[in-house]
Structure formats: C-alpha cells, structure tokens
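All figures in this text were calculated on a predicted structure; none of them were measured in a lab.
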Amino acid sequence: MSTIAPQLLNYVGGEFLATEQTFPNISPIDGRLLSQVCEADEALVGRAVSAAKAAQSGPWARTSASERADVLMRIAAGIERRFEEFVAAEVADTGRPVEQARRLDIARGVHNFRTFAELIRQSGGDYFEMRAPDGSDVFSYSVRKPHGVVAIISPWNLPMLLLTWKVAPALACGNSVVVKPSEESPSTATLLAEVIHDAGLPEGVFNLIHGFGPGSAGEFLTKHPDVDAITFTGESRTGSEIMKVAAEGVRDVSFELGGKNAAVVFADCDFEAAVAGVARSSFTNAGQVCLCSERVYVERPIFERFVAALKEKAEGLKIGYPDEPGIDMGSMISRQHREKVLSYFELAREEGATVVTGGEVPTFGDARDQGAYVRPTIWTGLADDARCVQEEVFGPVCHIAPFDREDEVIERVNNTVYGLATALWTQDLGRAHRVSRQFHVGMVWVNTWFLRDLRTPFGGARLSGLGREGGRHSLDFYSELTTICVNP
C-alpha cells in the first residue's frame, strides 16, 4: 500500500512548506488522484536559491570530503530503512512493475549515494614537480572546490535513479542544491527530502521545489542569477532552451537529452540472447528510457527469423497492475504521453509501416482502462528517413530493418541527429571493437544493455546531450578545479 502523503510539500531552508497553488498527481495505473502537489512560485524558488547560497557560507562549507562521504552514507541508510515506501511511491507515480522499482530504481538510488561517497573519499588532484629557468623547484597541484549552488532538474521516466545520480555527486563535492523533479513524478523526491532532513544536513544544503517548466519553477530556477551550474535530464528541445539561459553568466551545464538509439544484430550473434536483449532494450519501462532501442538493424540472413522471434517475445509480455505476479510491463507515465505515442502509431501506418504486432491500447474491463497502457509494438518496412525512424517516440516500440554490410549499417546507425547509445550483438570480438568505435554515440553495449560500471563516463553526443557524468567525470562537473603553483 502506498504511503504517499495527500499533499506533497516543498522543502526549502530546512523546512517543509505548503503553497496555496497546487496541482494534481494522477495515477497512470487507474487514473485516481494520488496527491495534491504544492507548486512553488517565483518567490519560493528565489527563497530556495538564497537558502542554498547561504549554506555555502555556513558549516557545510567547512566540511571535509570524508565528512561529506559520511553524510551520503547516512542518506543511503535512510533510504534503505524506508525502502518499501520509496518503492510504493515510485510505482504509484510511474506505473512500473514493483519488482523493477525494487531491483533497479530504488536499489540504484541507494547505490548512487554509496558510490559517490566512496569516490569522494578516494579522489585526489593532480600534482607535478618542475624546475624553473632560475633553477628553483616549482610545485603545482590542483584542488577541488564546489561550484556553489547547483540546479538539478530530473525527469519522470526513472525518477529516483536519475535524481540521486545528480544529487549524490553534487553533495559529495560540497555544493548545495535546488532540486526540481518532474511534475509527473514528485513523490520519491519528496521522500528523499524527508530522508535528507533526518540525515542532519545543514539548512539550505538540499532544497526541493515542485512545479512545471516554462513560466513555473523550472524556468524560475534556471534563470536565477545565483545558480552557478545546471544539470538537466529531459527533452532535447528543453535542454536547448536551458542552454540559452545558462549562457547568461557563462554557467556550467550538463545535459542528458533524447535519443533514437539503435540495436545492431549480426548473423553470428547468440540468437536467443539477442532476441531477449532487444526485447528488453525496446520495451523495458514501456519504452520510456532514453537508452531504449527504437531502431533495430538485423543482418539479412537472420532478418525474417529475428522479426518472428521478437514478435513472439513481445506478444508474450504480461501487461497489467504493477504488483501482479510475473508482470513485464506497466503503464506509460500518463494518458497525455500515451496520446503522443499513439499519434506515432498512426503516423507509422501513414508512412507505410507494416505493423508486426501491437499498435493499440489493451482493454482490461476494470480500473486499468482509466490508466495509460499501450501494447508493445514492432514495425518493419519504413525508409531510414521516415519520421518514425528519425524522431524519438519514447514508447514501447521498435522498427526492424535488414542490412547487408558492416559499413552500411554503421552509416545507417549514425544517420540521426541524436547520439546517445547503441547496442551491438555479435560473437566476433574483433568486429565488436572495430564497429563500436565508429558509432557516434556516448555509450555502446556489446551483447548486453543497461549495464555499466558507475565509475565510467556517461553522456551523449549531438542532440543527445552535452558533457559527461559518472565517476570522476561527475566529480569534475560538480567541482571547480583550481591549480596552485608554488615556487618556494
């Protein structure tokens, strides 16, 4: 049973605050009202930024890296103590299967705090010795300092995972933060504020504001002149607008944006593993992962067999209530987003696609019909320049096309304005290394998907993003590096 409060509050300067203006948080599972969310106005956003700025002159500014690591460990332990509350909140907001929330979303949230706690403990700067022209010794070293106030705007598709992926390194590096979660998924962020409050952070180090984007909390936050850096995960178009705003003051930005990711399946692959892998990379979380494979290229000798096998796999996925045994796929985030996805289903037919399976809304005959469900969908027959092959759908859908040559598929994979990720399926190790280097993306998976050591860099190219986070790359983004040269 969900423990979400009937009203979700903002958290500013160490206080939980209600506002007169609220908006409804609606369940994508059955359309019921989950909570009323207090929307932050411009004055409250300004108050949050001021509290964050003030925290940079208080006790938080004097903490060591080891002390901040201890704080992150306390937050991780606090999430674990309330683990099932976080699971219930995440499931209620998103409609994802309970087991996915347990195994991936909330577990990763805990892991993010612990990972960056250990990384900041072990981090160090550069140190060099040289001889000056006059024969004296010169010692040069770098030190890591916080930016100051970091604005964190996180998306609705993996709310807890992606929020903690940003909050943990920002706090580890000594920043104070103002967080705006998506209006579609505000619940776990509010629970996180409670955990952080109980962990004993100084007032103003962590602030949470609820609201929307343009003309609301998101715009007020990114435009505030006292914000020193901005990190955003979401649509490419929104990232472009934030980048324009960030140019005022030349503030640091990190963007993880959209994708139209490819999966490439060579004839020498482990066939069953490739089918299972592409089903997972196309339909996980109802296709609402920026890393999902919406374009699938299969070497011609196994094309027909692969299409038939993926069709069988897709039709075997169990859709329903998040807590049903054996559930594979829950709802989409909202009926509004489902309408966008359904419009692409219609467009695909207009563009001449063959609908191999799906393309419709399931009927349950119960409360789920008020939710936001859609069937996993497979297309074939579209040209590479079709809108449904070029534009991000962000739903449980993929288009499968045959290819004949290695150089051909590399060119087709790169034929996109995006550059986030590619999944490659082959048992030829030489080919795996050779081809992976030629994809213009930030991430290549070989014979797997959504598996990564958190110490490695993550980010996209072109319209898929700017900058890299993960491991020391996160520590670099959330810090200012100062070089000190000493000539004793």
Undergrad: Test: salt bridge (Lys or Arg N to Asp or Glu O under 4.0 Å). Region: residues 146-171. Which pairs qualify, not counting sequence neighbours?
TA: Lys166-Glu469
Undergrad: Mind jotting down which residue pairs meet the side-chain hydrogen bond (donor to acceptor under 3.5 Å, both in side chains) criterion with at least one end in residues 199-209? Sequence neighbours excluded, please.
TA: none
Undergrad: Between Leu221, Val167, Ile153, which is the residue that forms a side chain to side chain contact (heavy atoms under 4.5 Å, CB included) with Val179?
TA: Val167
Undergrad: Is the backbone of Ala372 close enough, under 3.5 Å, to the side chain of Ser331 for a donor and an acceptor to pair up by distance?
TA: no
Undergrad: Between Glu248 and Arg251, is the salt bridge (charged side-chain N to carboxylate O under 4.0 Å, His left out) condition met? List the steps.
TA: CA-CA 7 Å; Glu248 290 291 329; Arg251 293 173 290 173; over 6 Å; no
Undergrad: Go through Trp156 and Phe394 one step at a time and tell me if the ring pair (Phe, Tyr, Trp, His ring centres under 6.0 Å) criterion holds.
TA: CA-CA 12 Å; Trp156 50 256; Phe394 218 61; 5.5 Å; yes
Undergrad: Side chains of Leu9 and Thr190: does their closest heavy-atom pair fall under 4.5 Å?
TA: no
Undergrad: Are Asn25 and Asp93 close enough, and set up right, to give a side chain to side chain donor-acceptor pair (under 3.5 Å), and what steps lead you there?
TA: CA-CA 8 Å; Asn25 182 24; Asp93 275 1; 2.8 Å; yes
Undergrad: Hey, could you give me the CD/OG1 distance between Gln7 and Thr22, rounded to the nearest 0.5 Å?
TA: 7.0 Å
Undergrad: Can you tell me how far CH2 of Trp165 sits from OG of Ser154, rounded to the nearest 0.5 angstrom?
TA: 14.5 Å
Undergrad: Are any of the side-chain heavy atoms of Met329 and Pro97 separated by less than 4.5 Å?
TA: no
Undergrad: Hey, does the side chain of Asp369 reach the backbone of Phe364 with a donor-acceptor pair shorter than 3.5 angstrom?
TA: yes
Undergrad: I'd like to check the side chain to side chain contact (heavy atoms under 4.5 Å, CB included) partners of Ala314; sequence neighbours left out, ordered by chain and number.
TA: Phe283, Thr357, Pro376, Ile378
Undergrad: Please answer whether the main-chain N or O of Phe477 pairs with a side-chain N or O of Asp252 as donor and acceptor at a distance below 3.5 Å.
TA: no
Undergrad: What pairs with Ala367 under side chain to side chain contact (heavy atoms under 4.5 Å, CB included), at least two apart in sequence or on another chain?
TA: Asp30, Tyr321
Undergrad: Can you check whether Glu256 reaches Leu420 side chain to side chain, under 4.5 Å on heavy atoms?
TA: yes
Undergrad: Please check this pair: side chain of Asp105 against backbone of Met160, looking for a donor-acceptor N/O pair closer than 3.5 Å.
TA: no
Undergrad: Check Asp70 with Arg74, please: is the shortest side-chain N to carboxylate O separation under 4.0 Å?
TA: no
Undergrad: Please check: side-chain N/O of Arg295 versus main-chain N/O of Val413, any donor-acceptor pairing under 3.5 Å?
TA: yes
Undergrad: Listed by chain and number, what are the side-chain hydrogen bond (donor to acceptor under 3.5 Å, both in side chains) partners of Arg375, not counting sequence neighbours?
TA: Glu360
Undergrad: Looking at residues at least two apart in the chain, or sitting in another chain, which of them share a side-chain hydrogen bond (donor to acceptor under 3.5 Å, both in side chains) with Tyr11?
TA: His197
Undergrad: Taking Glu391's backbone N and O only, do any of them form a donor-acceptor pair with Lys260's side chain (distance below 3.5 Å, no angle check)?
TA: yes
Undergrad: Run the salt bridge (charged side-chain N to carboxylate O under 4.0 Å, His left out) test against Arg47 and tell me which residues pass, sequence neighbours left out.
TA: Glu15
Undergrad: OG1/Thr164 to CG/Leu171 distance, rounded to the nearest 0.5 angstrom?
TA: 11.0 Å
Undergrad: Determine whether a donor-acceptor pair (N or O, by modelled atom type, separation under 3.5 Å) exists between the side chain of Thr448 and the backbone of Trp445.
TA: no
Undergrad: Consider only side-chain N and O atoms of Thr19 and His210, and report whether a donor and an acceptor are under 3.5 Å apart.
TA: no
Undergrad: Tell me, please, which residues at least two apart from Glu80 pass salt bridge (charged side-chain N to carboxylate O under 4.0 Å, His left out).
TA: Arg114
Undergrad: Mind checking side chain to side chain contact (heavy atoms under 4.5 Å, CB included) for Glu118 and listing every partner two or more places apart, or none if nothing turns up?
TA: Met73, Arg121, Gln122
Undergrad: With sequence neighbours excluded, give me every ring-ring contact (aromatic ring centres under 6.0 Å, His included) pair touching residues 220-242.
TA: none
Undergrad: Examine distances only and state if a side-chain atom of Asn175 and a backbone atom of Val177 form a donor-acceptor pair shorter than 3.5 Å.
TA: no
Undergrad: Heavy-atom distance under 4.5 Å between the side chains of Leu481 and Arg144, does that happen here?
TA: yes
Undergrad: Of all residues at least two apart in sequence or in a different chain, which pass the salt bridge (charged side-chain N to carboxylate O under 4.0 Å, His left out) check with Glu219?
TA: Lys223
Undergrad: Could you state the interatomic distance from CG (Asp328) to CD1 (Ile319), rounded to the nearest 0.5 Å?
TA: 9.0 Å
Undergrad: Which residues pass the salt bridge (charged side-chain N to carboxylate O under 4.0 Å, His left out) test with Asp366, not counting sequence neighbours?
TA: Arg368
Undergrad: Can you tell me how far apart CD (Gln288) and CE (Met332) are? Round to the nearest 0.5 Å.
TA: 4.0 Å
Undergrad: Could you state the interatomic distance from CZ (Phe255) to CD (Glu235), rounded to the nearest 0.5 Å?
TA: 13.5 Å
Undergrad: Under a 3.5 Å distance rule, please check whether Ser464 uses its side chain to pair with a backbone N or O of Gly419 as donor and acceptor.
TA: yes
Undergrad: Between Trp425 and Ala263 (side chain of the first, backbone of the second, donor and acceptor by atom type, cut-off under 3.5 Å), is there such a pair?
TA: no
